[in-house]
Amino acid sequence: MGRTFENWLVVSDIDGTLNSKFRKLPKKNYDAIKRFTDLGGNFTLASGRTVSSLKRNYDRVATNQPAIILNGAGVYDYNKNEAVWRSTIGPEGRQFVKEISELFNTRGHSIDVGIFFDDFVYIVKTGLLSRGQMFFDKTHYEVTTIDKVPEEGWMKVIFWSNPLTINELQKYINKNPNPKANFMASSIWSLEMLQENTHKGVGVMQLADMLGIEKSHVAAIGDYYNDWDMLKTVGLPACAGQAPKPIHKICKYEACHCNNGCVADLLDYIMSGRAEEDIAKEALIK
């Protein structure tokens with residue numbers, strides 16, 4: 001009987017990883033994911049997107065496990081249409097967001113603020129950047145004032161602005177007491193906020209625990225700094241070829257450029273048996 005992969009969980013980021021830089025799915029990735037799951041492997045996606053926005057990518061490939069939504073703030077089971085785990089922003093974090101929306105509110109120094117729930121976003125300050133992301137991700141949203149946003153259920157917040165203002169926001173965050181939150185850069189134009197000790201890696205390991213899969217056989221692949229915590233958490237971190245150098249340094253497997261099918265590279269490495277050989281060598285060294 002041939003090798004099967006029930007003892008593996010592989011999680012992929014979407015943009016710049018599963019998809020090419022042109023937001024297209026390389027056929028090489030599609031074929032490799034189908035082959036892996038047909039052989040019993042567990043495969044899913046991890047993204048900063050909401051439930052319905054992520055589903056469009058989830059349904060395009062042979063995913064067979066719940067997905068990591070909103071950069072690790074939730075684990076969502078599309079078969080049951082329900083969240084199986086959540087981490088929401090507490091009162092300290094919510095108050096901090098209100099302060100930011102008031103402080104950064106002048107022309108040339110303004111920040112768009114998006115408050116994300118499972119499948120809906122409240123844009124409390126809107127501009128080109130926030131509207132652009134809502135359009136490209138096909139996200140359900142409403143423009144409103146922050147006092148009209150429900151108090152409970154905040155899973156993620158995104159701050160959008162020009163790089164200079166985002167840098168000022170980061171300095172403000174650094175010099176003030178942490179509001180029990182985890183901050184991460186998702187681009188030079190945006191900064192994201194989740195509840196403390198919440199990131200993609202936490203969501204991935206929650207899912208691995210549910211499936212009974214050992215950390216050594218949990219693999220994740222990403223391409224940017226918002227994948228950093230996920231890659232530092234799993235047993236087999238991998239990166240797309242175009243990822244920044246610091247990302248490469250923390251990865252055990254370096255795949256090709258996302259345009260050429262980096263997810264397929266990782267899955268081929270696992271399905272070839274080389275990953276198991278490397279795990280065995282690592283165990284002997286320890």
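Owing to the predicted nature of the structure, the values given are computational and were not obtained by experimental measurement.
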Going by distance alone, is a donor N or O of one side chain under 3.5 Å from an acceptor N or O of the other, for [X] and [Y]?
X    : Y    : value
E192 : S186 : yes
T139 : D137 : no
N57  : N19  : yes
N105 : S110 : no
Y269 : D278 : yes
S187 : S190 : yes
Q133 : W189 : no

Same cluster or not: [X] versus [Y], using hydrophobic residues (I, L, V, M, F, W, Y) connected whenever any side-chain heavy atoms lie under 4.5 Å apart?
X    : Y    : value
V121 : L54  : yes
L236 : F36  : yes
M155 : Y141 : yes
W85  : Y76  : no
L25  : I221 : yes

Just verifying a value: how many Å separate [X] [atom1] and [Y] [atom2], rounded to the nearest 0.5 Å?
X    : Y    : atom1 : atom2 : value
F43  : S12  : CZ    : OG    : 5.0 Å
I146 : I123 : CD1   : CD1   : 11.5 Å
T165 : N162 : OG1   : CG    : 3.5 Å
S101 : F96  : OG    : CZ    : 11.0 Å
S87  : L194 : OG    : CG    : 7.5 Å
L267 : L39  : CG    : CG    : 10.5 Å

Salt-bridged, [X] to [Y], with N to O below 4.0 Å?
X    : Y    : result
R274 : D268 : no
K98  : E92  : no
D31  : R35  : no

Shortest non-hydrogen contact between [X] and [Y], atoms and distance:
X    : Y    : answer
F117 : G153 : CD2-O, 3.2 Å
H217 : E276 : NE2-OE2, 2.9 Å
I213 : N7   : CG2-O, 3.4 Å
E142 : F120 : CB-CZ, 3.5 Å
D112 : G127 : OD2-N, 3.0 Å
L45  : V11  : C-CG1, 4.0 Å

Has the side chain of [X] got a donor or acceptor atom that lies under 3.5 Å from a matching backbone atom of [Y]?
X    : Y    : value
T63  : Y58  : yes
S53  : R49  : no
D229 : K232 : no
H248 : A243 : yes
R56  : S52  : yes
D227 : M230 : no

Check your understanding: Taking it one step at a time, do E282 and K252 satisfy salt bridge (Lys or Arg N to Asp or Glu O under 4.0 Å)?
Key -> CA-CA 11 Å; E282 196 174 293; K252 294 180 180 178; 3.0 Å; yes

Practice item. Go through the steps for E152 and R94 under the test salt bridge (Lys or Arg N to Asp or Glu O under 4.0 Å), then give the verdict. Key: CA-CA 9 Å; E152 299 296 330; R94 297 196 298 268; 3.6 Å; yes

Check whether any side-chain heavy atom of [X] lies under 4.5 Å from a side-chain heavy atom of [Y], and answer yes or no.
X    : Y    : result
V124 : T145 : no
N174 : F183 : no
T50  : H140 : no
D265 : K28  : yes
S161 : L169 : no
V113 : V157 : yes
W8   : V218 : no
L191 : I158 : no

Exercise for review: Any chance you could lay out the ring-ring contact (aromatic ring centres under 6.0 Å, His included) test for Y122 and F116, step after step, and finish with the verdict?
Suggested key: CA-CA 7 Å; Y122 291 93; F116 287 65; over 10 Å; no

Check your understanding: Under the salt bridge (Lys or Arg N to Asp or Glu O under 4.0 Å) criterion, do K215 and D209 qualify, and how do the steps go?
Key -> CA-CA 9 Å; K215 180 178 177 178; D209 288 344; over 6 Å; no

Practice item. For the pair M184 and W228, evaluate side chain to side chain contact (heavy atoms under 4.5 Å, CB included) and give the outcome as yes or no after the intermediate values. Key: CA-CA 9 Å; M184 66 188 76; W228 179 277; over 6 Å; no

Review point. Given T17 and C262, is the side chain to side chain contact (heavy atoms under 4.5 Å, CB included) satisfied, shown in steps?
Key: CA-CA 7 Å; T17 308; C262 61; 4.1 Å; yes

Greater than 12 external heavy atoms within 6.0 Å of [X]'s [atom1]:
X    : atom1 : value
Y172 : OH    : yes
Y30  : OH    : no
E214 : CD    : no

**Study point:** Worked check of side chain to side chain contact (heavy atoms under 4.5 Å, CB included) between T198 and I89
**Key:** CA-CA 10 Å; T198 301; I89 295 171; over 6 Å; no

Exercise for review: Determine the sole option in I247, D223, N259 for which the side-chain contact (heavy atoms from CB on, under 4.5 Å) test with Q242 is passed.
Suggested key: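 Single side-chain contact (heavy atoms from CB on, under 4.5 Å) partner of Q242 among I247, D223, N259: D223.
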
Point to revise | Reference residue L70; test side-chain contact (heavy atoms from CB on, under 4.5 Å); the match among K156, R86, K200 | key: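 Among K156, R86, K200, the one meeting side-chain contact (heavy atoms from CB on, under 4.5 Å) with L70 is K156.
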
Practice item. Take N42 and Q65, measure what side chain to side chain donor-acceptor pair (under 3.5 Å) needs, and give me the verdict at the end. Key: CA-CA 6 Å; N42 301 285; Q65 295 300 339; 2.9 Å; yes

Practice item. Determine, step by step, whether V10 and L266 satisfy the side chain to side chain contact (heavy atoms under 4.5 Å, CB included) criterion, reporting the C-alpha distance in whole Å, the side-chain angles of both residues, the deciding distance to 0.1 Å, and the verdict. Key: CA-CA 9 Å; V10 178; L266 172 61; 3.9 Å; yes

